[in-house]
There are 6 protein chains.
Amino acid sequence: MGHGYDTGRLNLPFTGICTFAKKPFEPDWSRLDADAAILGAPFDAGTQYRAGARFGPRAVREASTLFSFGHAGAYDHEDDVTYLGPDVQIVDMGDADIIHTDTVQSHANIEAGVRAALRAAALPVVIGGDHSVNIPAIRAFDDAGDIHILQIDAHLDFVDERHGVRHGHGNPMRRAAERPFVSGLTQLGIRNVSSTAKDGYDDARAMGADILSVRQVRRLGARATAARIPPGARVYITLDIDAFCPSIAPGTGTPSHGGFLYYEVLELLQEVAQAHEVVGIDLVEVAPDYDPSGSTAILAAQILMNLLGFVFHARRAAG
Amino acid sequence: MGHGYDTGRLNLPFTGICTFAKKPFEPDWSRLDADAAILGAPFDAGTQYRAGARFGPRAVREASTLFSFGHAGAYDHEDDVTYLGPDVQIVDMGDADIIHTDTVQSHANIEAGVRAALRAAALPVVIGGDHSVNIPAIRAFDDAGDIHILQIDAHLDFVDERHGVRHGHGNPMRRAAERPFVSGLTQLGIRNVSSTAKDGYDDARAMGADILSVRQVRRLGARATAARIPPGARVYITLDIDAFCPSIAPGTGTPSHGGFLYYEVLELLQEVAQAHEVVGIDLVEVAPDYDPSGSTAILAAQILMNLLGFVFHARRAAG
Amino acid sequence: MGHGYDTGRLNLPFTGICTFAKKPFEPDWSRLDADAAILGAPFDAGTQYRAGARFGPRAVREASTLFSFGHAGAYDHEDDVTYLGPDVQIVDMGDADIIHTDTVQSHANIEAGVRAALRAAALPVVIGGDHSVNIPAIRAFDDAGDIHILQIDAHLDFVDERHGVRHGHGNPMRRAAERPFVSGLTQLGIRNVSSTAKDGYDDARAMGADILSVRQVRRLGARATAARIPPGARVYITLDIDAFCPSIAPGTGTPSHGGFLYYEVLELLQEVAQAHEVVGIDLVEVAPDYDPSGSTAILAAQILMNLLGFVFHARRAAG
Amino acid sequence: MGHGYDTGRLNLPFTGICTFAKKPFEPDWSRLDADAAILGAPFDAGTQYRAGARFGPRAVREASTLFSFGHAGAYDHEDDVTYLGPDVQIVDMGDADIIHTDTVQSHANIEAGVRAALRAAALPVVIGGDHSVNIPAIRAFDDAGDIHILQIDAHLDFVDERHGVRHGHGNPMRRAAERPFVSGLTQLGIRNVSSTAKDGYDDARAMGADILSVRQVRRLGARATAARIPPGARVYITLDIDAFCPSIAPGTGTPSHGGFLYYEVLELLQEVAQAHEVVGIDLVEVAPDYDPSGSTAILAAQILMNLLGFVFHARRAAG
Amino acid sequence: MGHGYDTGRLNLPFTGICTFAKKPFEPDWSRLDADAAILGAPFDAGTQYRAGARFGPRAVREASTLFSFGHAGAYDHEDDVTYLGPDVQIVDMGDADIIHTDTVQSHANIEAGVRAALRAAALPVVIGGDHSVNIPAIRAFDDAGDIHILQIDAHLDFVDERHGVRHGHGNPMRRAAERPFVSGLTQLGIRNVSSTAKDGYDDARAMGADILSVRQVRRLGARATAARIPPGARVYITLDIDAFCPSIAPGTGTPSHGGFLYYEVLELLQEVAQAHEVVGIDLVEVAPDYDPSGSTAILAAQILMNLLGFVFHARRAAG
Amino acid sequence: MGHGYDTGRLNLPFTGICTFAKKPFEPDWSRLDADAAILGAPFDAGTQYRAGARFGPRAVREASTLFSFGHAGAYDHEDDVTYLGPDVQIVDMGDADIIHTDTVQSHANIEAGVRAALRAAALPVVIGGDHSVNIPAIRAFDDAGDIHILQIDAHLDFVDERHGVRHGHGNPMRRAAERPFVSGLTQLGIRNVSSTAKDGYDDARAMGADILSVRQVRRLGARATAARIPPGARVYITLDIDAFCPSIAPGTGTPSHGGFLYYEVLELLQEVAQAHEVVGIDLVEVAPDYDPSGSTAILAAQILMNLLGFVFHARRAAG
């Protein structure tokens with residue numbers, strides 16, 4: 001690197017420019033060359049309670065440095081596996097451009113980023129922003145084959161339209177279900193009152209959604225829950241941080257008590273990554289300024305890095 | 001409403017005057033006409049460690065707007081029930097008047113509020129304030145028939161007197177047990193050292209209390225725990241937010257680790273509401289300024305709205 | 001009030017439902033009957049850095065209770081005047097309805113509120129929300145005679161259009177200057193880099209704006225600064241809280257160091273209220289969650305209540 | 001000290017038990033032997049808005065360690081003086097015992113502490129707690145000769161009685177003025193609306209108070225302001241931290257914008273200490289949990305240590 | 001105590017000088033005479049992410065007052081035992097002196113403190129500071145017989161050397177394993193990526209460590225886990241607060257999701273204290289400024305006081 | 001940039017990777033080619049009270065994006081100048097590598113960065129970290145000609161040695177004064193007690209330092225203060241953020257009340273930049289986690305960007 005340090009860098013977590021996992025930044029989206037491409041989508045005008053998810057990408061990138069010790073990969077003693085070794089290339093695309101007051105254009109810019117990643121055959125990983133950023137992310141898959149959506153979330157997000165709103169953070173799963181290339185939805189963690197009323201649940205089920213609450217998933221366990229996704233499905237994972245219990249994810253716009261604990265989601269993601277091709281990921285609704293301890297962003301980074309580890313370990317294993 | 005909006009209001013959670021659940025405010029307590037009447041009791045001079053519960057009523061009201069989406073009730077997909085539909089009338093009485101430096105008069109004012117609710121045949125729901133507000137609340141039931149008290153709390157609150165103090169937040173259950181119309185107490189969640197010493201436990205048991213720790217309740221489960229309340233008892237529920245684990249309820253005056261998780265209390269309350277007539281409720285010790293994430297107040301609001309849903313669903317079912 | 005309290009209420013600041021200054025809430029805008037009408041405009045999708053001004057109305061209302069001691073007015077010993085006595089009627093209209101993702105409709109709803117206040121001959125007082133809420137507020141004055149705008153702000157907010165954005169919080173003064181009924185602008189406190197580039201300043205001056213920095217106003221003093229407003233002008237005051245030094249107003253979206261101190265603005269407002277008819281007010285950009293001490297909202301409430309005192313004292317004096 | 005450290009202790013500010021300025025703790029009040037005795041008075045039931053001043057003594061003690069570098073005194077290069085050298089003995093008495101729900105007994109315990117300090121011929125320095133703790137502190141001077149009270153505060157605190165309250169934090173100056181041994185009051189920094197209405201000002205002036213606002217003091221300057229205290233008066237200084245601008249003292253119960261800046265109070269105190277015998281001090285209303293930056297407690301500690309330096313420097317100079 | 005209070009002190013948690021559990025402070029380490037001696041070790045230069053553990057000792061002491069109600073011991077109704085009665089003498093030694101920029105000397109000073117406690121036959125209890133303070137603490141046992149180390153932690157801390165660092169908070173268990181008098185290590189709670197890479201795990205196992213993750217401990221249960229410690233081993237317990245789930249311990253330097261819940265650790269400690277002689281304790285990595293709710297310090301104090309209760313109850317039972 | 005956005009990027013402050021002012025990142029220090037080079041120096045082991053300055057570089061970079069609107073430079077209407085236009089090249093070098101527990105090596109790495117900037121003929125701009133990072137920064141100038149140091153700070157930082165410490169944050173000005181190439185020091189803002197005792201002041205003056213307090217600078221004014229720097233001196237500016245009043249800079253390790261206000265420092269820097277060649281800059285002691293409002297980091301970024309504007313405007317003017 002040319003620092004003149006004789007022994008390389010120790011590279012402690014608190015040093016360095018905050019790209020995701022301190023990976024290279026590639027602002028030229030026509031030159032992406034990586035296994036996974038991280039895109040920030042700092043749009044939060046779709047929120048119905050607390051805003052602030054616009055700072056989600058920055059917070060998750062910063063937190064990701066805690067897990068970036070400069071070893072050649074991340075050793076997990078429980079699995080006895082070193083994840084994300086030097087054979088996995090990750091690049092940070094920076095953020096989609098956001099146009100305040102303009103949902104349509106902001107979403108279009110996010111869609112452009114996801115399309116760029118797909119064009120480069122990189123796994124697109126979108127960090128929100130509110131859950132409405134899932135709408136353009138899914139839209140970008142229109143020529144990428146059928147996908148099944150695995151949503152992990154407190155809220156069903158299946159509102160069709162209220163007062164003309166069709167692209168807020170209460171609408172993405174409805175929008176997804178309307179796409180012809182979305183073959184199904186598995187919606188996990190759904191609980192308590194939200195912007196989706198009874199008719200939204202009815203519609204979702206009518207459109208093929210499999211809806212499970214936290215308690216229902218807990219009773220089933222990770223493996224049986226994962227098994228409800230159709231075999232062979234290519235899976236797009238959309239993870240709303242409010243799926244988790246506010247005890248570990250208070251920094252979000254619409255917290256809902258009774259959420260998942262850490263291992264419940266981690267083990268589910270590990271099962272899914274082993275059994276399915278994961279073709280896209282978004283992690284949304286981290287609003288860091290509502291969590292002065294930083295736990296929420298650390299959770300998001302920890303989950304995302306583990307998920308990427310699982311995905312690429314499975315791909316390497318599958319050869 | 002006369003806004004001149006052609007299509008009504010979307011009424012997002014972050015808009016509007018913060019009454020409880022955005023329900024009507026009725027400052028004239030002689031004109032209450034509702035199924036449930038919410039009374040703020042912002043008295044916190046009874047606390048022995050951190051104060052701040054005086055802002056509990058405001059915080060819980062504000063948080064309750066997160067669950068007030070303007071649908072005709074709250075649909076719960078796990079129960080397949082829409083709770084708190086248009087047939088349940090809730091009114092916000094505002095706050096009891098508090099006289100700083102004067103516990104006696106402040107308590108008297110709270111008592112006046114609860115009496116007004118009872119007179120109107122509305123379910124009184126008191127939002128504290130510290131746990132000492134339970135003392136005047138219970139006092140108001142002196143001509144309302146026998147009641148059984150279900151306390152959910154970290155602390156036994158059974159101190160008779162220390163240094164002359166008989167009406168602080170360590171005393172309410174002792175004061176309640178002394179009333180002739182209190183037929184018994186079920187005290188759940190009690191753990192760790194507190195202002196009640198060994199003799200307090202001995203006294204409580206001698207006066208008929210059934211005391212269970214979190215671990216004991218956990219082993220029993222919600223149903224068996226609820227079944228320890230005598231059949232037919234008319235139940236007054238007093239819920240100290242510090243009954244919960246500080247992971248979800250850090251914003252309180254005397255946190256105690258090892259508390260209940262969300263569903264443990266929720267399911268217990270659902271069991272109790274189905275099996276018993278609930279005649280009064282207080283929820284105390286939310287000190288919002290010790291929880292910058294807002295989780296504690298959201299928990300209080302979420303539990304309270306669900307409990308009200310359970311109570312009135314059971315009443316309607318009972319016809 | 002019917003509480004059964006023999007001696008009325010002490011009504012300490014921390015008690016009671018949070019309307020502005022604990023004044024009556026009137027949700028039916030066709031029935032407004034007051035000297036001043038407070039409208040919350042919790043729209044913050046126009047911000048270019050930190051959001052959160054959507055909670056401005058709630059925070060300012062809550063803070064206003066600190067100055068609401070239930071005396072018959074607010075006695076100021078420096079002026080030897082009791083302001084806002086029983087002859088001044090203030091009503092709280094609640095909030096304009098906000099439609100997330102939809103700037104146009106949200107602004108229309110704010111406009112409807114200001115029109116309702118004007119129709120009732122009440123002084124409209126809008127609490128933002130971000131500065132874009134000034135756009136619909138000014139629009140509502142289209143049949144209310146010529147107005148001169150006094151802006152107190154860190155930023156010029158005179159961007160015409162960038163990337164299609166014409167109604168964000170960087171645009172309101174440009175939009176105002178375009179109205180035929182806006183006879184001029186006095187823009188005070190402007191400093192440092194912002195979304196308005198050099199051409200914006202050139203345009204503003206070309207359209208008749210009088211632009212002064214904090215240091216320039218400081219050198220002139222309150223009286224001479226106020227005297228730059230044309231005699232006889234009917235003045236609309238738009239006060240962006242970031243006009244103030246971040247030392248007293250950190251809770252805002254785009255803080256800028258070097259701002260006004262408290263008395264500088266207070267004395268200026270007092271001069272203006274004495275010399276001019278004040279026909280409308282907005283106070284914007286309070287983002288309370290970025291100020292855990294609460295100072296920013298307290299400042300907003302304190303300034304607003306003093307300004308209302310000055311305005312109605314001058315009206316009574318002019319009688 | 002017996003640590004076995006060969007070279008003594010560096011004693012950085014963040015180490016060590018938090019007594020005031022790391023001075024010796026003397027819990028036996030019959031054995032006080034010092035020039036100044038620090039007494040914590042953690043009573044905050046007298047507050048009318050935000051509580052939390054009960055943690056004031058702990059916070060001020062903790063902050064005082066920042067100024068305790070273990071040098072033999074505090075060198076001030078502007079004055080070219082080393083203050084609080086080894087000839088000045090300071091002792092920390094710990095806290096008065098507080099009885100929750102019982103203002104009378106709590107105040108009595110504070111009074112006992114001040115009497116103990118006076119009996120030991122030590123300068124009593126009370127750290128509040130809310131301003132009501134001044135009431136018992138003054139009471140303890142009943143056989144200590146005439147005193148003049150210098151109050152530095154945002155609020156006049158001259159309410160006689162409202163709803164029976166005579167010993168809250170809005171009453172202390174009225175209570176003091178009633179004592180025969182209080183020869184006069186100088187009340188500085190008073191501004192804006194508070195619990196004292198117009199009649200309180202009239203009463204205060206009738207009882208001989210000299211009331212000046214921040215702006216009035218600012219125009220006079222420190223020297224001329226100090227000169228308004230009668231020559232020869234023995235001065236008791238009561239300093240409410242809310243006298244200061246919320247920019248440097250946000251951590252308090254009833255903040256009021258427009259307060260004093262640091263040097264304004266420091267220079268005034270220096271003038272007073274040079275011209276008068278200072279016979280007692282209290283510093284009240286530090287509510288540290290409303291100031292996550294810690295600035296308020298640091299201000300309190302910095303002002304208090306400087307004031308003590310001025311007092312004992314003047315005493316030594318006076319011989 | 002000489003306060004002149006006729007009835008002693010109520011001694012509420014928020015009053016009084018903050019020594020550990022309000023126990024006596026003994027700065028002269030040659031005069032220690034107690035069953036347990038508490039030593040603060042506010043050194044945090046060994047941290048690899050967030051610092052701030054230097055304020056751990058102060059925060060844990062302050063939090064310990066919440067559990068210090070002045071009863072003669074702590075009654076636990078689940079165990080029906082009064083712990084830490086008058087027969088258990090605890091003394092607070094204050095803090096080891098810390099030399100900024102100098103790890104070697106700071107560690108030496110901590111070692112001196114632990115040696116002093118051991119010399120006095122008191123159980124040394126070190127409150128960190130970061131986990132590197134374990135290095136000098138263990139060093140002090142070099143003539144105290146063989147010890148087995150029970151580490152409860154998220155991280156293995158078994159790095160030998162990186163960039164010359166051998167005494168940071170990633171190294172203590174490696175340093176311990178190298179001592180001849182350390183007979184073995186049981187390392188519990190280890191999870192996720194950290195500064196220890198795969199070779200560190202290999203080394204640890206080669207040097208005799210028994211490593212279990214949170215999930216592995218959870219499956220075994222407290223009793224079976226405790227049983228993995230060799231019978232008859234004299235146990236030194238080192239508890240890194242980040243062993244716990246960030247939901248209850250967010251205030252730490254390197255949080256890791258998926259940690260232990262409260263009872264898991266409590267019950268394990270109770271088992272160990274019953275089955276083994278506990279010869280030393282440290283509790284490290286509480287960084288209170290990252291937890292504005294105070295939960296982390298409360299957890300540390302609650303665990304520590306319970307552990308001391310278990311240890312001395314077992315000793316008394318063993319006679 | 002290849003985003004496929006037809007109209008470029010709006011590039012709002014909250015979007016994008018956080019390099020300083022969103023300028024290019026150049027990790028290869030042998031390839032620097034710029035007018036100014038920003039180096040993060042996240043070392044905070046030299047602090048004597050609160051740590052956390054290790055997150056200063058990240059916080060200042062993040063805050064700098066608020067002033068990076070993507071216009072071609074920063075227009076200042078008071079000066080009628082567009083600063084930092086396209087002719088000024090700024091590059092972000094990232095951070096020096098920090099070795100925890102090892103002050104010597106960490107400082108060496110910082111020195112290597114400054115040397116790299118100087119070698120590239122770029123103005124080195126170091127963002128701390130604590131003030132000890134000034135020691136290696138100055139060391140790097142040993143073959144760069146004579147320099148005069150302008151220190152703006154609350155503390156003199158002139159301790160020679162205490163307990164062996166010579167490279168902590170209380171020592172840098174002493175270390176600088178010892179260098180043969182440091183021709184003099186101007187030390188501004190010095191006030192109140194700190195780690196430097198009286199002998200440090202004597203030494204500083206004996207070694208040629210010109211020491212002025214805040215009040216002394218205030219009386220002189222910016223121009224006369226700047227004029228005390230010897231004509232023709234090549235100036236290195238070291239700015240400790242605690243030079244400022246805690247009202248605008250609470251987020252620092254050792255706050256000291258009575259500090260500079262914004263324009264006092266800004267105008268001084270403008271005078272210095274016009275009259276002298278500025279050859280190096282460091283800005284230190286921003287500890288963002290002690291300022292939840294973010295004001296401190298915004299101040300640092302705002303001052304730094306203005307200072308860079310002044311420096312290069314003067315250079316361009318000097319041609």
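All chains are named by letter (A, B, ...) in the order of the sequence lines, taking the proteins before the strands, and each is independently numbered beginning at 1.
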Discussion item. Are the side chains of C/Asp95 and B/Phe14 in contact, using a 4.5 Å heavy-atom criterion?
Written reply: no
Worksheet entry | Contact check, side chains of C/Asp92 and B/Ile17, non-hydrogen atoms, under 4.5 Å | yes
By a 4.5 Å heavy-atom criterion (distance strictly below it), what part of [X] contacts chain B: side chain, backbone, both, or neither?
{"X": "C/Pro24", "value": "neither"}
{"X": "C/Pro42", "value": "both"}
{"X": "C/Thr65", "value": "side chain"}
{"X": "C/Asp289", "value": "neither"}
{"X": "C/Arg58", "value": "side chain"}

Worksheet item: Checking B/Gln105 against chain C: side chain, backbone, both or neither under 4.5 Å from a heavy atom?
Response: neither
Worksheet, complete the sentence: Under 4.5 Å to a heavy atom of chain C? For B/Phe55 that would be side chain
Worksheet item: Is there a side-chain contact (heavy atoms from CB on, under 4.5 Å) between B/Phe25 and C/Thr19 once you walk through the steps?
Response: CA-CA 11 Å; B/Phe25 170 42; C/Thr19 55; over 6 Å; no
Discussion item. So, taking the atom named CG in C/Leu10 and the one named CD1 in B/Ile98, what distance separates them when rounded to the nearest 0.5 Å?
Written reply: 9.5 Å
Worksheet entry | Distance (rounded to the nearest 0.5 Å) between C/Arg54 CZ and B/Thr15 OG1 | 10.5 Å
Worksheet item: Can you tell which of B/Ala96, B/Pro57, B/Gly94 has the highest number of heavy-atom pairs within less than 4.5 Å of chain C?
Response: B/Ala96
Discussion item. At a heavy-atom distance under 4.5 Å, which candidate from C/Arg61, C/Arg115, C/His100 has the highest pair count against chain B?
Written reply: C/His100
Practice prompt. Measure from the side-chain N and O atoms of C/Asp97 to the backbone N and O of B/Asn11, and report whether any donor-acceptor pair falls under 3.5 Å.
Written response: yes
Worksheet item: Are more than 12 heavy atoms from other residues, nucleotides or ligands located less than 6.0 Å from atom CG of B/Asp142?
Response: yes
